[in-house]
Structures are given as C-alpha cells and as structure tokens.
Amino acid sequence: MKNQEIARLFNEIADLLELKGENPFRIRAYRRAAMQIEGLPKDVSSLSEEELIKLPGIGQDLAGKIKEYISTGRLGLHEELRKEFPATFLTLLQVPGLGPKTAKLVYEKLRIKSLDELEEAAKSGKLRTLPGIREKTEENILKGIEFLKRGSERKPLGRVLPLAMDILDSIQKKAPVKDIAIAGSLRRWKDTIKDIDILVTSTRPEEVMKVFVHLPHVKDVLAKGTTKSSVVTSEGIQVDLRVVEEDSFGAALQYFTGSKAHNIKLREMASKKGLKINEYGVFRESDNKKLGGKTEEEVYKVLGLPWIPPELREDTGEIEAALEGGLPDIVSYEDIKGDLHVHTKWSDGSHDFDTLIKAARQRNYLYIAITDHSKGLGVAKGLDEERLLEQIKIIDEINSRLTGFKLLKGVEIDIRSDGKLDLSEDVLKRLDIVVASIHSGFKQSKEQLTKRLLSAIRNPCVSVIAHPTGRLIGERDAYQVDMEAILKEAKKQGVAFEINAYPMRLDLNDHHAKMAKEYGVPIVISTDTHLTQHFDYMRYGVSIARRGWLERKDVLNCLEYEELIRRLRRCP
DNA sequence: GCCGTTTTCGGCCCGACTGTTTTCAGTCG
C-alpha cells in the first residue's frame with residue numbers, strides 16, 4: 001500500500017513550496033491531500049483516476065500526480081523541488097519555533113543547510129547578524145535544537161494520558177478554575193500524542209497561568225500570556241493551557257479538540273452560511289451577534305449538525321456522514337462484555353485463574369478467554385499439547401462451578417516462520433478460541449510475512465489473528481504486510497482480527513480497523529493481559545475501534561457468551 | 001491546487017504569543 005509514501009511525498013512538497021514562499025493555498029492543498037490519502041481506508045493504487053478525483057481535496061492535477069507516482073515510482077515535481085535545496089535542509093523545519101521564512105533566510109544569507117551548522121551559527125552569535133533575529137531568537141533556536149535532539153517524537157497515548165490526568169488534577173486543586181477538560185489529540189484518543197492541550201474556565205485567568213507555569217511537572221516555560229501558556233514537562237512533553245470564559249467553553253473545547261482539518265471544514269461551512277466560528281463562539285457575520293458557544297452541541301447545531309464524537313473528528317468523512325444523518329453509533333467501553341486475550345501463570349502471565357476471574361467480574365465482564373502462549377515461545381513458558389490438555393481439563397472444572405461467568409478455553413498460538421501453527425489440530429479442536437500471532441522473524445520480506453499470515457488465516461482452526469503488524473510504538477515499526485490481502489482472506493474464511501489494546505501496541509491501528517470494517521472482517525478488542533491491571537487497557541483498544549468507526553455489531557466481544565461462541569470460527 | 005444553491009474565477013479558518021519592532025511578521029495550533 002503506497003498511501004503513506006504518497007502522503008509523505010505530498011507533505012514534503014508542501015514543505016518545499018513553503019520554503020519557496022509559494023501560494024499558501026496551494027501548499028494547503030498538498031497538505032490536505034496528504035491527510036486525505038493517509039486516512040484512506042483502502043489502497044490508493046486500487047483507485048482509478050476518476051475515483052481519485054471524487055475524493056475531497058483531490059482534483060485533476062493531484063490525481064495525476066498520484067497516478068504518476070504509482071506507475072513510475074517517482075514524482076517529477078518532488079524531484080524538481082528537491083534539487084533546489086540540500087537534502088539535509090528539510091530537518092531545519094522540524095526545529096520548534098523555526099519556520100520556513102527563517103529557514104530560508106539562514107540558508108540564503110549564511111548558507112546553513114543542516115542542524116549542526118545551525119547550532120554552530122547560533123552558538124557563535126552569527127544568527128543575530130540577520131534581520132529580525134536577535135539574541136532571544138538565537139536562544140530559542142538553540143532550545144528548539146536541544147528539544148529535537150532529545151527526541152521530540154510522538155509519545156504513546158498510554159504514557160501521556162496518565163500524565164495529563166495528573167496535571168489536570170494539580171491545576172484543579174491549586175488554581176481558581178471552574179470547568180476543566182482535556183482537548184486536542186488526546187481527547188480524540190490518537191494513538192500517539194505530541195502535546196497535551198488543557199482547557200479551563202476561570203474569572204481570574206492570570207492567577208491560573210501563574211499556577212500553571214509553576215507546577216512541579218514544568219521544566220521549561222515556552223510562552224506565558226494572559227489566556228494561553230505553553231510549558232514543557234520534565235518528560236519532554238509540551239502542555240498548552242488555555243483559559244476562556246464560561247460562556248465560550250463549548251466553542252473553545254470544540255476548537256481545541258480539532259482536528260485542524262475537521263475545524264477548517266466546519267469554518268468553511270460556517271462562512272458559506274454567513275457565520276463565523278472561533279474559540280469564543282459562533283457569530284453571525286452581518287451583525288456579529290453570538291449564536292452559541294456555551295456547549296459543543298450548540299456549535300454543531302448552528303451548522304445543522306449533530307454533535308460528533310471527538311474520535312471521529314479527522315475530516316475523513318464524518319462531517320458528510322453527519323449531514324446525511326449517517327454517523328456511526330460507535331462502540332463504547334460499556335458495550336464490552338469480556339476480554340479474549342489473557343495470559344496466566346501457566347505461561348508468562350502473573351496470576352492464577354481465580355485472580356483473573358475476580359478481576360474480570362469486577363469489571364462487569366461475562367467471560368474471558370484464557371490464551372496462554374504455545375510451545376514455540378519457549379521464553380514465555382509456552383504450553384505444549386500435554387500441558388494445554390491439562391489446562392483444558394481444569395478450565396472445564398472451573399466452568400462447571402461458575403455461574404454468570406465463563407472461561408473460554410483458548411491459546412495464543414505461534415505462527416511459525418513457514419506459516420504453520422505449532423500445536424496439533426487434535427488439541428486445537430478442543431478449544432473455544434485459537435488466537436494466532438507472529439512472535440519471530442519480523443524481518444522477513446513483505447511477501448513472506450503476508451504469505452505466513454495468509455496461511456494462518458486459511459488454517460481452519462484459527463479464530464482470531466492477533467496484533468497483526470507487530471508494531472511497538474516508539475520501539476519497533478510495524479512489519480510490512482499486505483493488509484488488503486490478509487483482510488480479504490479473513491473475510492472469506494470468517495476469521496476475526498484483534499485490536500490489541502496494550503498501549504504500546506494498539507495494533508490494529510485506527511486506519512486498519514476502518515479498513516477491516518470496510519472488508520466486513522469481525523473485530524475483537526483484547527488487552528493481552530499479563531497482570532490484572534492490564535484489563536484496564538481495554539479503553540485504549542476501544543478508542544482505536546471508535547476512531548475506526550466501529551459499531552457494537554462489528555465487535556465480537558460485545559456479544560453475550562452463547563452468541564460469541566456461535567460466531568467464533570473453530571475447527572470443523 | 002481545489003472548488004462552486006452567491007462563483008469555472010476568485011475566493012480559500014482564525015486568533016494568541018513572541019520578538020523585534022513602533023505597527024507587525026513569523027510561528028503555532
């Protein structure tokens with residue numbers, strides 16, 4: 001799938017055009033198109049030119065460029081633009097606080113073309129010889145470079161959310177605030193987060209700001225104004241705080257939740273109706289009369305729209321769907337009836353059955369599936385046929401004693417490098433659920449990995465494919481696999497795909513989840529629990545499902561036990 | 001470069017903060 005590649009190229013073209021000082025709207029067109037393609041739940045290569053043009057933000061010209069890249073593997077415009085600047089130059093734009101204008105200036109006046117050269121020039125005071133740059137700007141650029149070197153990459157949602165809640169708590173305790181909410185990509189539950197946005201209402205904004213910049217979490221203050229401040233925490237995460245009046249809370253929340261693309265589209269719609277939306281409310285252009293803004297619902301309502309869940313606000317069709325009354329009724333945490341990927345002491349989990357049952361019942365679950373590793377995973381004390389048969393016997397006994405709760409007999413079986421499973425079919429036949437996954441040989445080619453997964457999907461005993469891309473956020477990239485091919489086969493064979501809720505995995509991701517839905521592949525959301533606390537990761541998995549537009553009917557572990565058993569594919 | 005119940009040309013979201021200025025450009029979200 002070339003979607004990501006083309007999105008990256010278009011973004012880079014936008015950067016380069018920006019450096020050249022080109023028409024900002026042309027630049028925006030490339031960025032919009034990049035986002036559109038990135039969020040597309042199917043392979044761009046599979047679309048005809050006519051179909052491409054139908055996509056919002058893509059016209060004759062960009063459709064042609066997409067086709068050009070798909071058929072030749074190159075993009076003329078991109079190559080032309082790259083010739084005008086040295087290869088290392090684009091990294092300069094990643095320095096926070098340094099934009100295209102300044103980048104171009106330092107290149108043209110000082111021939112600076114890399115981060116190292118920029119750092120050197122800033123340290124030696126050469127930058128301040130340029131117009132508009134003095135000591136302070138030099139300092140900020142050095143800070144920016146340091147930030148970049150320390151690793152400014154996006155952080156896993158599961159690591160940022162607890163920090164955000166902690167900061168929220170501190171503000172609430174120490175500052176004179178009334179309403180307080182998380183906004184931004186965190187409220188949209190994006191799987192990785194760049195910064196934390198917090199919104200509060202207060203009648204004493206200056207005091208709130210003072211408290212905020214002096215919180216113990218704060219390492220550096222980037223900006224401090226009367227209604228808006230930005231800081232960096234000791235973990236290197238930027239936190240933005242915004243104060244508004246109560247009457248504007250909804251408008252501000254809507255605005256700061258984004259996404260940017262979603263908001264731009266709303267504002268365009270508004271201006272066509274003679275309205276203006278900003279963070280203070282919705283206003284009639286003619287007389288500046290305020291028509292709403294206390295709640296988010298008001299903002300959407302004046303545009304003739306129902307409230308849209310934050311997870312959907314990516315401008316990937318949600319506004320059009322809302323206009324037609326066709327928004328999906330997305331799955332929620334309360335819909336989840338059980339967890340289908342749980343490890344015990346028998347392999348590398350930490351608990352016995354009773355502890356897990358108790359923890360699951362506390363979460364109002366009706367069942368969990370015991371899915372310990374199979375023998376191939378020696379490091380995790382994987383079960384061989386004999387031990388698995390023993391476990392099956394014990395689970396049967398436990399089930400006969402339980403009321404209103406069931407343990408599913410299962411296994412997380414290793415897909416070997418040749419695509420075969422590492423336990424015999426005789427044993428698998430006795431299970432309720434067989435979760436198959438890859439734990440080794442990630443470096444195989446895309447063809448090999450795809451073949452391996454296809455072979456597992458075609459095995460008649462497999463119920464679910466777990467964490468199918470193997471990514472570990474911030475540690476290991478997803479391995480290359482032909483997602484379309486494996487989803488197609490899964491649909492054909494009746495195999496479900498897992499959204500692994502473990503915060504470092506979140507695999508499938510949101511795009512893949514949406515693709516799975518388009519292909520009609522059933523989904524399970526599982527936590528891969530090794531410790532009882534891991535059950536609480538379910539919310540992260542649900543957030544991926546929500547971002548993928550999944551509804552309750554698309555998710556197998558929203559079903560009651562009997563129906564679930566009926567729907568899970570098993571050995572014939 | 002896209003797009004059209006105001007338009008096939010002329011629009012294109014909106015505002016806060018900083019630094020270097022003395023009224024504003026650049027950057028960011």
Side-chain angles (χ1 to χ4, degrees), chain A residues 10 13-14 17-19 21-36 52-66 77 92-106 127-128 130-141 143-144 183-188 193-199 205 209 213 221-231 238-244 248 251-252 254-283 285 299 303 315:
Chain A
F10 279 8
I13 288 174
L17 291 173
E18 213 164 11
L19 283 168
E22 271 268 359
N23 175 3
F25 299 105
R26 187 180 172 209
I27 294 162
R28 205 185 104 189
Y30 275 97
R31 293 206 196 283
R32 268 194 80 186
M35 224 178 307
Q36 177 64 234
L52 286 170
I53 290 172
K54 284 202 191 107
L55 297 172
I58 293 176
Q60 193 77 53
D61 184 87
L62 289 181
K65 290 201 166 65
I66 293 170
L77 174 65
L92 260 57
L93 289 179
Q94 288 168 23
V95 177
L98 189 142
K101 293 283 186 339
T102 314
K104 195 178 177 203
L105 185 71
V106 300
L127 288 186
R128 71 183 76 166
L130 298 174
I133 297 182
R134 291 293 169 263
E135 206 178 333
K136 195 78 186 167
T137 306
E138 235 172 25
E139 271 175 36
N140 285 341
I141 286 175
K143 270 193 202 170
S185 55
L186 204 49
R187 182 163 179 249
R188 302 199 313 278
I193 303 290
K194 205 171 115 238
D195 47 32
I196 298 171
D197 294 295
I198 299 173
L199 179 68
M209 288 306 162
V213 299
V221 179
L222 298 176
K224 178 172 175 288
T226 49
T227 66
K228 184 184 163 186
S229 295
S230 296
V231 301
Q238 185 175 331
V239 188
D240 299 334
L241 180 72
R242 187 68 189 263
V243 187
V244 295
S248 299
Q254 196 289 319
Y255 177 56
F256 290 110
T257 297
S259 66
K260 195 173 176 174
H262 176 89
N263 285 355
I264 287 176
K265 187 163 265 179
L266 288 189
R267 287 167 184 223
E268 281 170 355
M269 282 174 64
S271 90
K272 279 175 194 145
K273 288 176 184 270
L275 304 170
K276 186 178 79 169
I277 303 177
N278 57 28
E279 56 262 60
Y280 302 109
V282 184
F283 301 87
E285 206 91 59
V299 177
L303 294 174
D315 189 24

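All of these numbers come straight from a predicted model, not from anything done at the bench.
- Note on I58(A): only backbone sugar-phosphate atoms sit closer than 4.0 angstrom, heavy atoms only; bases stay farther off.
- Atom C1' of dA16(B) sits at a distance of 32 Å from the matching atom of dT6(B), rounded to the whole Å.
- Toward the 5' end of DNA chain B, the nearer of the two residues L62(A) and T102(A), judged by each one's closest nucleotide, is L62(A).
- Counting non-hydrogen atoms under 4.0 angstrom, P56(A) reaches the backbone sugars and phosphates but no base.
- When heavy atoms are screened at a 4.0 angstrom cut-off, N140(A) is found touching the sugar-phosphate backbone but no base atom.
- Listed by chain and residue number, nothing satisfies the ring pair (Phe, Tyr, Trp, His ring centres under 6.0 Å) test with Y255(A) (two or more places apart in sequence, or in another chain).
- Residue P24(A) is classed as having no contact, given no heavy-atom separation below 4.0 Å to the nucleic acid.
- Remark: the separation of the C1' atoms in dC17(B) and dG11(B) is 29 Å, to the nearest Å.
- Within 4.0 Å (heavy atoms only), K65(A) reaches sugar-phosphate atoms of the nucleic acid but no base atom.
- Checked against side-chain contact (heavy atoms from CB on, under 4.5 Å), K273(A) has the following partners two or more places apart in sequence or in another chain: L275(A), L303(A).
- Straight-line distance between the P atoms of dC24(B) and dT8(B): roughly 34 Å, to the nearest whole Å.
- Atom name C1', nucleotides dT20(B) and dC14(B): the rounded distance is 24 Å, in whole Å.
- Nucleic acid contact class of K136(A) (heavy atoms, under 4.0 Å, all strands): sugar-phosphate only.
- Rounded to whole Å, the separation between the C1' atoms of dC12(B) and dG19(B) comes to 29 Å.
- Among the protein residues, R32(A) comes within range of no part of the nucleic acid, since none of its heavy atoms lies under 4.0 Å from any strand.
- Taking atom C1' on both dC28(B) and dC13(B), the two are 14 Å apart, rounded to the nearest angstrom.
- If you check the side chains of Q36(A) and D315(A), you find no donor sitting under 3.5 Å from an acceptor.
- Scored by the salt bridge (Lys or Arg N to Asp or Glu O under 4.0 Å) test, K65(A) finds D61(A) as partners (sequence neighbours excluded).
- In Q60(A), the CD atom is not crowded: 12 or fewer heavy atoms of neighbouring residues, nucleotides or ligands sit closer than 6.0 Å.
- Along DNA chain B, read 5' to 3', the first and last nucleotides having any atom under 4.0 Å from a heavy atom of chain A are dG1(B) to dG29(B).
- Nucleic acid contact for E135(A): sugar-phosphate only, since backbone atoms but no base atoms lie under 4.0 Å from a heavy atom of the residue.
- Nucleic acid contact for K265(A): none, since no nucleic acid atom lies under 4.0 Å from a heavy atom of the residue.
- Between T137(A) and F256(A), the one whose closest nucleotide on DNA chain B sits nearer the 5' end is T137(A).
- In this structure, I277(A) reaches the sugar-phosphate backbone alone: every heavy-atom distance under 4.0 Å involves primed, P, OP1 or OP2 atoms, never a base.
- Considering only residues two or more places apart in sequence or on other chains, A63(A) meets the side-chain contact (heavy atoms from CB on, under 4.5 Å) condition with E49(A), L52(A), I53(A), I58(A).
- The partner of dG1(B), taking Watson-Crick or G-U wobble pairs whose two distances both stay under 3.5 Å, is dC12(B).
- Counting any heavy atom pair closer than 4.0 Å across all strands shown, R134(A) reaches sugar-phosphate atoms only and no base atom.
- Taken from CG in L222(A) to NZ in K143(A), the straight-line distance is 7.0 Å, to the nearest 0.5 Å.
- Taking atom P on both nucleotides, dG10(B) is separated from dG15(B) by 26 Å, rounded to a whole Å.
- Note on T227(A): only backbone sugar-phosphate atoms sit closer than 4.0 angstrom, heavy atoms only; bases stay farther off.
- Every side-chain contact (heavy atoms from CB on, under 4.5 Å) that I27(A) has, sequence neighbours left out, goes to A14(A), L17(A), E18(A), E22(A), R31(A).
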